[in-house]
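Below is one structure, written out as structure tokens, with a few remarks after it.
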Amino acid sequence: MVEGQLRRRGIADERVLDAMGRVPRERFVSPDQRDAAYADAALPIGGGQTISQPYMVALICEQLGLHGTERVLDVGTGSGYQAAVLAELAGEVHTIERIPELAESARANLAAAGYGGRVHLHVGDGTLGVPGRAPFAAVAVAAAALEAPPALYEQLEPRGRLVVPVGSADGQWLEVVVRTPEGPAVLRTVPCRFVPLVAGPAGAFSAPADG
Ligand code: SAH
């Protein structure tokens, strides 16, 4: 995975490549998906959500430009995988998930993979950030918003970075937003496809379409 999917496609930060090599991705997928854990794809994790493709996780981490001591926020915990990779790269990781059932399984996944004590898990609406733990040097968002959530920008340190997929189901770009004295400096990087970032109070699994 590290060589074929990441380095070959241009991921060059050795700390990110090492982190991706260390986190056991099979711990973050359901038992029936274990054989596919290292596939070049997003995989279903329940509740209509997915664990992100390894390349996207690595790209987001690389764009955050972490050195090891930072406090970071991961929005959209899902399986907990991205939070675990961030725990390898930063000093303090907060992660927030709106679906309580997914947050519980992420908690179990993180503990089983040895990250239980290194990741602080919150349940709630991540579009509002985690104001009580702000400011963050970096914020990673794993779900697509129509625009970068203003609260996440406000919770950045000066020169802090927010990486967020922006767009609708029709098309999204991964944006890197840097907090500067002049306001947000936005860089559009690559086209991408993420599940939607859903604002509003945390809820349970939505009812399946077929009832
Ligand atoms: N980083 C995850 C990817 C999960 S997919 C992983 O590595 O597995 C995106 C997640 O964002 C889903 O679990 C979804 O429930 C969650 N999400 C969507 N809107 C959210 C919001 N407003 N606040 C917090 N989490 C949200």
Side-chain angles (χ1 to χ4, degrees), residues 1 5-6 16 19-20 23-30 33-34 36-61 63-64 72-90 93-110 112-113 115 119-131 133 136 138-152 155 162-169 172 174 192-206:
M1 178 185 85
Q5 298 176 35
L6 308 182
V16 171
M20 295 290 297
V23 178
R25 188 167 161 92
E26 69 279 6
R27 296 271 192 193
F28 295 88
V29 300
S30 59
Q33 296 278 347
R34 291 241 154 101
Y38 292 88
D40 187 13
L43 300 171
I45 55 172
Q49 308 302 324
T50 55
I51 176 173
S52 307
Q53 179 195 24
Y55 174 70
M56 274 297 156
V57 174
L59 185 62
I60 290 173
C61 288
Q63 290 173 342
L64 292 175
V72 306
L73 174 63
D74 169 53
V75 175
T77 312
S79 67
Y81 179 68
Q82 170 109 50
V85 177
L86 287 169
E88 293 280 355
L89 294 168
V93 179
H94 292 270
T95 183
I96 181 163
E97 170 58 53
R98 67 181 291 278
I99 300 178
E101 291 86 347
L102 282 181
E104 276 322 301
S105 57
R107 194 185 298 284
N109 295 343
L110 286 161
Y115 295 93
V119 174
H120 306 267
L121 195 129
H122 307 262
V123 179
D125 180 3
T127 63
L128 305 176
V130 182
R133 302 303 183 101
F136 300 99
V139 178
V141 185
L146 293 176
E147 58 169 343
L152 298 182
Q155 289 171 33
L162 164 64
V163 178
V164 54
V166 174
S168 62
Q172 301 163 11
L174 197 62
C192 57
R193 216 173 86 177
F194 283 83
V195 296
L197 186 69
V198 182
F205 285 117
S206 50

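First listed ligand is number 1; within each ligand, the first listed atom is number 1. This structure is a prediction, so every number in the text was calculated from the model and none was measured.
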Of all protein heavy atoms, the one nearest atom 19 (N) of ligand 1 is Val198 N, 2.9 Å

Applying side chain to side chain donor-acceptor pair (under 3.5 Å) to Glu104 and not counting sequence neighbours gives none

of all protein heavy atoms, closest to atom 7 (O) of ligand 1 is Gln82 N, 3.2 Å

Exercise. Any N or O of Val195 that comes nearer than 3.5 Å to an N or O of ligand 1?
Worked result: no

Heavy-atom proximity to atom 13 (O) of ligand 1, picking from Arg98, Arg25, Met56, Glu97, points to Glu97

Ile96 heavy atoms within 4.0 Å reach ligand 1 at atoms 24 (C), 25 (N)

Closest non-hydrogen atoms of Pro100 and Arg98, given as atom of the first, atom of the second and distance, are CD-O, 3.3 Å

Query raised in the report: Is Arg193 atom CZ crowded by more than 12 heavy atoms from other residues, nucleotides or ligands, each under 6.0 Å away?
Result: no

Check for me whether Gly124 has a heavy atom closer than 4.0 Å to any atom of ligand 1. yes

Ligand 1 atoms nearer than 4.0 angstrom to some heavy atom of Ser79 are 6 (C), 7 (O), 8 (O)

Closest to atom 23 (N) of ligand 1 among protein heavy atoms sits Gly126 N, 2.7 Å

>> With a 4.0 Å cut-off on heavy atoms, is Ala42 in contact with ligand 1?
In response: no

Numbered in order shown, the ligand 1 atoms found under 4.0 Å of a heavy atom of Thr77 are 1 (N), 2 (C), 6 (C), 8 (O)

A student checking ligand 1 against Ala142 at a 4.0 Å heavy-atom cut-off should list atoms 1 (N), 3 (C), 5 (S), 9 (C)

Quick note on ligand 1: atoms under 4.0 Å from a heavy atom of Ser52 include exactly 3 (C)

- For the pair Gln155 (side chain) and Leu128 (backbone), establish whether a donor and an acceptor sit closer than 3.5 Å, ignoring hydrogens and angles. yes

Exercise for the section: Using modelled atom types only, decide if a donor and an acceptor are shared between the side chain of Ser79 and the backbone of Val29 within a distance under 3.5 Å. Expected result: no

So the atoms of ligand 1 within less than 4.0 Å of a heavy atom of Gly76 turn out to be 1 (N), 2 (C), 3 (C), 4 (C), 10 (C), 11 (O), 16 (C), 25 (N)

Filtering Ile60, Leu86, Thr50, Val85 for the heavy atom nearest atom 3 (C) of ligand 1 leaves Thr50

Q.
Looking only at side-chain N and O atoms, does Gln5 offer a donor or acceptor that is under 3.5 Å from a partner on Tyr38?
A. no

**Prompt:** Under 3.5 Å, side chain of Asp125 to main-chain N/O of Ala199, donor-acceptor pair present?
**Reply:** no

Do any nitrogen or oxygen atoms of Leu102 come within less than 3.5 Å of a nitrogen or oxygen of ligand 1? no

A student checking ligand 1 against Ile99 at a 4.0 Å heavy-atom cut-off should list atoms 15 (O)

Contact region, Asp125 to ligand 1, non-hydrogen atoms below 4.0 Å, reads both

- Item | Check: Ile99 main-chain N/O paired with Glu97 side-chain donor or acceptor under 3.5 Å | yes

The atoms of ligand 1 lying under 4.0 Å from a heavy atom of Pro196, numbered in the order shown, are 18 (C)

**Report entry** ligand 1 contact by Val57, heavy-atom criterion under 4.0 angstrom
**Finding:** no

The answer for which part of Ile51 has a heavy atom under 4.0 Å from ligand 1 is both

Determine whether Ile96 and Val123 satisfy the following criterion, side-chain contact (heavy atoms from CB on, under 4.5 Å), listing intermediate values before the conclusion. CA-CA 5 Å; Ile96 181 163; Val123 179; over 6 Å; no

**Q.** Sub-4.5 Å side-chain heavy-atom contact between Val57 and Ile51
**A.** no

Could you tell me whether some N/O pair between Ala143 and ligand 1 is separated by less than 3.5 angstrom? no

- prompt: Regarding Arg25 and the six-membered ring of Tyr81, is the cationic atom NZ or CZ under 6.0 Å from the ring centre and inside 45° of its axis?
  reply: yes

When distances are taken from atom 14 (C) of ligand 1, the protein heavy atom at minimum range is Gln49 OE1, 3.4 Å

Contacts of Tyr115 meeting side chain to side chain donor-acceptor pair (under 3.5 Å) (sequence neighbours excluded), chain-then-number -> Glu88

Note to self: Is it the case that the side chain of Gln33 and the backbone of Leu43 share a donor-acceptor pair, with hydrogens and angles ignored and the cut-off at 3.5 Å?
What the structure shows: no

